[in-house]
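Shown next, in structure tokens, is the structure this report addresses.
Everything quoted here is computed from the prediction, not taken from an experiment. The first residue of the sequence shown is numbered 1, and numbering continues consecutively from there.
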Amino acid sequence: MSDVIRLLPDSVANQIAAGEVIQRPASVIKELVENSIDAGATAVTIVLKDAGRTLIQVIDNGSGMSDTDARLAFERHATSKISQADDLFTLHTMGFRGEALASIAAIAQIDLRTMRQGETLGTRILINGSKVESQEPEACVPGSNMMVKNLFFNVPARRKFLKKDSVELSAIMREFERLALVNTGIDFTLISNDTTVHSLMHGPMKKRICDLFGKNLDKQLIPIETDTSIVSVNGFVGLPENARRRNPLQFFMVNGRNMRHPYFHKAVMQCYEKLIPADTQPNYFINLRVDPETIDVNIHPTKNEIKFENEQAIWQILTAAIRDSLGRFNVGPSLDFDREDAPDIPVFDPNAEKMPEIDIDPGYNPFGEPIPDPAEIFGSDYVAPSRIPAPQAFMRPVSATAPRASAGAGSYNGGTGKRTSAATDWAKLYDDFMRKRDEGLEAVPQAEESTPTELPLDHGTPTQAQQPFLGNAMQYKDTYILTPTHDGLMVIDQHRAHLRVLYDSYISNAHEQEFVAQATMFPEVLELSAAQSAVLTDIVKCMGELGFIITHRGGTTWSIDGVPSQLIDTSSRDMVLGMIESITETGLDIASAMQEQVARSMARSGAIRRGQSLTADEIDRLLSDLFRSKSPAVTPDGKNVFAIIPNDYLSRLFG
């Protein structure tokens, strides 16, 4: 039997590697720009055609390459960044694997012009699907000019899975933002289809943030800065009042490299606990500096996942730095005692003044004073009103010279002239009260120590055993519906349940919707990021066909001058931003995104409210409609519709 194991050709191996390294046009830009940064470039220009499908061109003024280096750079595992395994733990460069250029060359057509600084003649190399077609001398400017044409031209399956140009361009914009944020000392220019999207000059980090995401962020950010032997933290975090429900700007950087780190993200969110609503997230731009030997970046080919040796210590330092900044800038107004006009607070001198002394008679009892004869006060002609019995009970001495009762005098009893001991009466009353209290407490059974303190609610999709018993439901506080199931007691939020039912109904009839534009009295002005503006530019014509009137006012500023008549009572700003987000993240076409947004908006406006009383028939109809849905457990926004209190919890609760 012949041998079956063989070595793969380099072109095939490179295409396999490209599946990990190069996933979309944004991946190409990341790898090429990082090479430019490692080459010491101070200016980088990116040129795109058709969101990178047709052309991705990266031009830099870095060190450039010799003709030998230019040829060798496209071989697998060829790199100038490391020479031995130990170098992986002292990395100061963005790249080090030596896979990127070989992977790009395997799935595209390459045209590279490069020349080293100080030389007069460079080189040009043409590669087609890993095959070098030509290499010859070329007169060019110092640095490198890399053109990647017809991405995935020889991998049709991968090219077919690329999303629409607006979605791919949005991904490119997000990658560009990450690269520009972490390299604030470099000038960046981004040109898409002959339109300059970004032209960024080098400068401080806050200026770069405002250039990328809008000048309105200038007053929304507060600085954080701390320096320890473990980590140096600097950057900016957003004020709580500027937290966002969608598209929060959240960036982590370490040693000049972007990263995703859920653990540190949780640390930031913990600092904002109880400061922002649960459905919002803060903006933050945080840069960490650590010893390269304490991190590992060689985890994933994209190099965005990083392991830290001192994660817990960095967590504590990071939270302390953020809380300190929030306390100094946001928690509330405080007195600054170092101001020149601060109030003069004298030093306390215990001998300066003496406490006033008050003479108290501990035996005085105001209820023991004798009630004088009214004739002594009002004169001998005074006649008591016949309709008020026992006038003595309402009379009090008004003369400052009236005689006091001696200490221990008895109380006046109903005008009969008899005196009883007040101390004896109060003591008897108190004793009776305490005796009855103790008897009542003894009669109450004591709870067992095993009584659960945390309610184990089930929010998942109901199983057959968890289906509610229709006809046995009741309404609680006109807000929740309680109904038994085989597994326990189901508590349903009536507003969210009806929201789910209406949304499903509107989506199923979405094809029948006709959208007619209605002008707004006061246009809504939108200040978008460059990525959002690029997506809106691509879809604005389709949105016009769906009833929106949107005008471009220059740069990244837009105004909404009209909305579909069905949405006249909803927030046009949230509607447009929601559509941009849906198209960017899910790749939905504009019509589907529009239908989804309209369905959500109409369901929110039409759903029954909390506090609205329902009849038994209305409750049964609502539950019947809800559990015919494919997703009865959550609203279209992902919020829980119901919870189930298990039977075993109820049993333990009552022993």
| task | Determine the minimum heavy-atom distance between Leu526 and Arg573, stating which atoms define it. | result | CD2-NH1, 3.3 Å
| Over all atoms of both residues, closest heavy-atom pair of Arg500 and Ser629 | NE-OG, 3.8 Å
| Qualifying residues under ring-ring contact (aromatic ring centres under 6.0 Å, His included), relative to His498, sequence neighbours excluded | none
| task | For the pair Glu618 (side chain) and Thr615 (backbone), establish whether a donor and an acceptor sit closer than 3.5 Å, ignoring hydrogens and angles. | result | yes
| When you measure from the side chain of Thr228 to the backbone N and O of Ile230, does any donor-acceptor pair fall under 3.5 Å? | yes
| Closest non-hydrogen atom pair between Val641 and Pro632, with its separation | CB-O, 3.4 Å
| note | Interatomic distance, OG@Ser559 vs CD1@Ile549, rounded to 0.5 Å, equals 10.0 Å
| request: Answer yes or no: is there a donor N or O on one side and an acceptor on the other, between the side chain of Asn258 and the main chain of Arg178, under 3.5 Å? | output: yes
| message | So that I can tick it off, tell me whether Asp211 and Arg208 are bridged by a salt bridge, with the cut-off set at under 4.0 angstrom between side-chain N and carboxylate O. | response | no
| said: Under 4.0 Å between a side-chain nitrogen and a carboxylate oxygen: does that hold for Arg174 and Glu177? | reply: no
| query | Do the charged groups of Glu168 and Arg53 touch, with an N to O distance under 4.0 Å? | reply | no
| query | Shortest non-hydrogen contact from Ile224 to Ser325? | reply | CG2-OG, 3.2 Å
| Qualifying residues under ring-ring contact (aromatic ring centres under 6.0 Å, His included), relative to Tyr503, sequence neighbours excluded | none
| Counting N and O atoms only, with roles assigned by atom type, does the side chain of Asn640 sit under 3.5 Å from a partner on the main chain of Phe642, one being a donor and the other an acceptor? | no
| field | The single option from Val167, Ile172, Ile29 passing side-chain contact (heavy atoms from CB on, under 4.5 Å) against Arg24 | value | Val167
| Taking the side chain as C-beta and beyond, is there a heavy-atom pair between His198 and Met173 under 4.5 Å? | yes
| message | Please tell me whether Thr635 and Arg496 have a donor and an acceptor in their side chains that are separated by less than 3.5 angstrom. | response | no
| said: Salt bridge check, Arg621 against Asp617: does any charged N sit closer than 4.0 Å to a carboxylate O? | reply: no
| request: Show your working on ring pair (Phe, Tyr, Trp, His ring centres under 6.0 Å) between His265 and Phe252 and close with a plain yes or no. | output: CA-CA 9 Å; His265 170 75; Phe252 270 121; 7.5 Å; no
| Under the 3.5 angstrom rule, does the side chain of Lys30 hit a backbone N or O of Glu175 as a donor-acceptor pair? | no
| Atom of Gln23, atom of Leu162 and distance for their closest heavy-atom approach | O-CD2, 4.5 Å
| request: Check whether any side-chain heavy atom of Leu614 sits under 4.5 Å from a side-chain heavy atom of Gln494, and report yes or no. | output: yes
| task | Establish, yes or no, whether a centroid distance under 6.0 Å links the rings of Phe285 and Phe251. | result | yes
| task | Apply ring-ring contact (aromatic ring centres under 6.0 Å, His included) to Tyr476 and list each qualifying residue two or more places apart in sequence or on a separate chain. | result | none
| task | Would you indicate whether the side-chain heavy atoms of Asn283 and Phe213 approach each other to under 4.5 Å? | result | no
| query | Going by distance alone, is a donor N or O of one side chain under 3.5 Å from an acceptor N or O of the other, for Glu311 and His261? | reply | yes
| query | Between Trp315 and Tyr263, does the ring centre distance come in under 6.0 Å? | reply | yes
| request: Please confirm whether Phe152 and Phe161 have ring centers closer than 6.0 angstrom. | output: no
| task | Check each of Val254, Asn234, Val268 against Ile286 using the side-chain contact (heavy atoms from CB on, under 4.5 Å) test, and report the only one that passes. | result | Val268
| Sub-3.5 Å donor-acceptor pair from the side chain of Asn242 to the main-chain atoms of Pro282, do we have one? | no
| Got Val290 and Thr294 here, is their nearest side-chain heavy-atom distance under 4.5 Å? | yes
| task | Kindly say whether Gln612 contributes a backbone atom to a donor-acceptor pair with the side chain of Arg609 at under 3.5 angstrom? | result | no
| Is Arg610 salt-bridged to Asp478, cutoff N-O under 4.0 Å? | no
| request: Please confirm whether the backbone N or O of Leu528 pairs with a side-chain atom of Thr556, one donor and one acceptor, at under 3.5 Å? | output: yes
| request: Kindly say whether His486 contributes a backbone atom to a donor-acceptor pair with the side chain of Asn647 at under 3.5 angstrom? | output: yes
| query | How about Glu225: does its CD atom have over 12 heavy atoms from other parts shown lying under 6.0 Å from it? | reply | no
| query | Hey, are Ser533 and Trp558 close enough side-chain-wise for a donor-acceptor pair under 3.5 Å? | reply | yes
| Closest non-hydrogen atom pair between Ala243 and Thr280, with its separation | CB-OG1, 3.7 Å
| query | Checking Gln281 side chain against Arg245 main chain: does a donor-acceptor pair fall under 3.5 Å? | reply | no
| query | Do Arg323 and Thr319 get their side chains close enough for a donor-acceptor pair, meaning under 3.5 Å? | reply | no
